K.L.:
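Below you'll find the structure I mean.
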Amino acid sequence: MYINGHWLTERSHFPVTNPASGEVIGEVPDCTAEDIEAAIAAASEALKSWKQTTAYERSGLLYRAWEIMLSRKQELAELMTREQGKPLKASLNEVQYGADFLLWFAEEAKRINGQTIPSARDNQRFITQKVPVGVVGAITPWNYPISMITRKLAPALAAGCTLVLKPAEHTPLCAKAMAEVFEEAGFPAGVINVITSRDPAPVGEAFCTDPRIRKLTFTGSTAVGKKLNAQAAAHMKRVSMELGGHAPAIVFPDADPVHAAKGLSLVKFLNTGQACISPNRIFVHRDHAEAFLAELTARVCRLKAGSGFEAGNSIGPLINEAALQKVEAQVQDALAKGATLYTGGQRLTDGELADGCFYAPTVLAGVTPEMKIYREETFGPVAPVVIYGDDDDVLAMANDTEYGLAAYVYSNDLSTAFKAFEGLEFGIIGINDINPTSAAAPFGGMKNSGLGREGAEEGIEEYLETKLGGFAL
Ligand code: ADP
C-alpha cells in the first residue's frame with residue numbers, strides 16, 4: 001500500500017494468484033480501518049497544495065508518468081499476464097491503451113477553460129471557472145487492471161484532484177506497479193494513495209460516507225455499482241459508474257457475413273470475453289446464418305487456450321471458479337432450452353489447463369429470449385447467435401436489455417448503418433468497427449450500464465465543478 005508517499009508493508013497479507021496456474025505469485029497488505037482513514041486524510045491534506053498547482057505542472061508530471069510507463073511496457077505487460085492471465089500481446093496492447101490516457105489528459109489539463117457569459121443587465125458580468133471536485137475515491141476492476149486505473153487517475157490528477165485508489169483484490173500487483181510509476185514521475189506525497197483490501201466493502205463504504213471524499217469513480221459490476229451509488233447518494237457525492245453490459249451485434253442482410261464473422265470472432269473472445277463491451281447477443285439475418293456460422297465456427301475452433309506467455313494462445317483463463325461456473329450454467333441453460341452447440345461448451349482440463357479456470361471458446365446458435373444468456377452478462381468466451389428474419393424489428397430486439405454500454409453493427413448500406421446508429425440505445429456503437437475505443441473517445445453507458453463518460457473531453461469534466469462569478473459593476 002502506498003499512503004502519503006510511504007510504502008506500508010507491516011500488515012497481515014493476502015495472496016495473489018495466477019489464474020492460469022493457481023500458483024501464488026505474491027501477497028499484498030490487507031488494509032485496516034486506520035489505513036483507510038490515513039489514506040483519505042493524506043489525500044485531503046495534499047489537496048490544499050495540489051489544487052493550487054498550475055495546469056502546466058500537472059501536465060508535466062502526467063507526461064513524465066507516460067514516459068516511464070512506456071519505458072516499462074514489457075515489464076508491466078508480463079506482470080499483467082501473470083496476475084490476470086490474458087495473452088502477453090493483449091497485455092502489451094492494454095499497457096499502451098493505459099498509457100494513452102496519461103498523454104491525453106496531460107494535454108487536456110491545459111484546456112480546463114472557463115467562459116464569459118453575456119448578461120441581460122448592462123452593469124453585470126458573468127464568468128465561470130472550472131475547479132477540481134476535491135478528493136476522489138477510485139475503485140477499479142481486475143479485467144483491465146492497468147488501463148482502468150489510468151482512465152480514472154489521469155483525468156482526476158489533470159483536473160487538480162487528489163485520490164485514494166482501491167484496486168480489485170485479484171489484481172493488486174498491477175496497481176502497485178502503477179503506484180511506482182506515479183511515484184517515480186514525482187507526484188507529491190498524498191496526491192495518489194493506493195490501498196489494498198481483501199474485503200472491498202469497508203473501503204467502498206468509507207468512500208461513500210466520508211465527507212472528505214467528494215467524488216466516487218467506480219468500474220465493476222452493475223450490482224455493486226448500484227449499491228455504491230445508493231450509499232453515495234445519501235452523502236450527495238458526485239459519481240461516475242462504468243458498469244456491466246450486454247452488447248448486441250447486428251449483422252444486417254446487406255453485410256458481408258464472412259467479414260462480420262471475422263470481426264465478431266475477434267471482439268467476442270478478446271480478454272476471454274471478460275469485457276463489459278463484449279458482444280453478448282449476435283443477431284444474424286436468416287439469409288446469412290449458414291455462411292456466418294460456418295466462418296465463425298471455423299475461426300473459433302482455431303483459437304487456442306492456455307498460458308498467456310505462450311505465443312499462439314489467445315484464450316486465457318477466467319478469473320476464478322465462480323466466473324467459470326456462471327459461464328457453464330448459462331451454456332447448460334441455453335442448451336436445455338433448445339440452443340445448438342457449434343463448438344466448445346465445456347471446461348478445458350487437459351494437461352496444464354487443469355490448474356486454471358479455462359473454458360472452451362464456444363459458439364451457440366438459435367439463442368432465444370427465454371434463455372439466461374439472452375439477458376445476463378456472460379463475461380466468458382461464448383458467442384450466442386440469435387437468428388432473425390424480415391418480420392423482426394431487430395433494433396427493438398437489440399434494445400431489449402437493461403444495459404446500454406456497447407453495440408456493434410455490420411452493414412454495407414449507409415442508410416441502414418445510420419438508422420442503426422441513431423436507433424440503438426447504447427453509449428458506444430461500432431459500425432463495421434470492432435474497436436470503437438480510444439483515450440480520445442468518450443467511453444460509457446446508458447441505463448444500467450452506468451453514469452458518466454471516461455476518456456475524451458468529457459472524461460475530465462467528471463472531476464470538475466463549475467464556479468460562476470456574477471460581477472455587478
Ligand atoms: P466483478 O464481478 O467483475 O468482479 P465487482 O463489481 O465485484 O466486479 O468488482 C469490481 C470492483 O469493485 C473491485 O475493485 C472490487 O473489489 C470492488 N467491489 C466489490 N464489491 C464491493 C463493495 N461492496 N464495495 C466496494 N467495492 C466493491
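Quantities reported herein were computed from a predicted structural model and do not represent experimental measurements. In each ligand, atom 1 is the first atom listed, and ligand 1 is the first ligand listed.
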K.L.:
Before giving the answer on side-chain contact (heavy atoms from CB on, under 4.5 Å), spell out for Tyr97 and Thr437 the whole-Å C-alpha distance, their side-chain angles and the decisive distance to 0.1 Å.
P.N.:
CA-CA 9 Å; Tyr97 178 57; Thr437 55; 4.0 Å; yes

K.L.:
Under a 3.5 Å distance rule, please check whether Trp50 uses its side chain to pair with a backbone N or O of Cys161 as donor and acceptor.
P.N.:
yes

K.L.:
Ignoring hydrogens and geometry, is there a side-chain-to-backbone donor-acceptor pair from Arg375 to Asp400 under 3.5 Å?
P.N.:
yes

K.L.:
Judged by modelled atom types alone, do Ser91 and Lys86 share a side-chain donor-acceptor pair under 3.5 Å?
P.N.:
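Judged by distance alone, the side chains do not pair up.
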
K.L.:
Please evaluate residues Glu454 and Arg151 with respect to the criterion salt bridge (Lys or Arg N to Asp or Glu O under 4.0 Å), reporting the C-alpha separation (whole Å), side-chain torsions for both, the decisive distance (0.1 Å), and the verdict.
P.N.:
CA-CA 7 Å; Glu454 291 191 321; Arg151 198 159 82 175; 2.7 Å; yes

K.L.:
When you compare the side chains of Trp7 and Glu183, does any donor N or O come within less than 3.5 Å of an acceptor on the partner?
P.N.:
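Trp7 vs Glu183: donor-acceptor pair found between side chains.
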
K.L.:
Mind checking what residues have non-hydrogen atoms under 4.0 angstrom from ligand 1?
P.N.:
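Within the 4.0 Å shell of ligand 1, which is judged on heavy atoms, sit Ile139, Thr140, Trp142, Lys166, Pro167, Ala168, Glu169, Pro200, Ala201, Gly204, Phe218, Thr219, Gly220, Ser221, Val224, Lys227, Leu228.
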
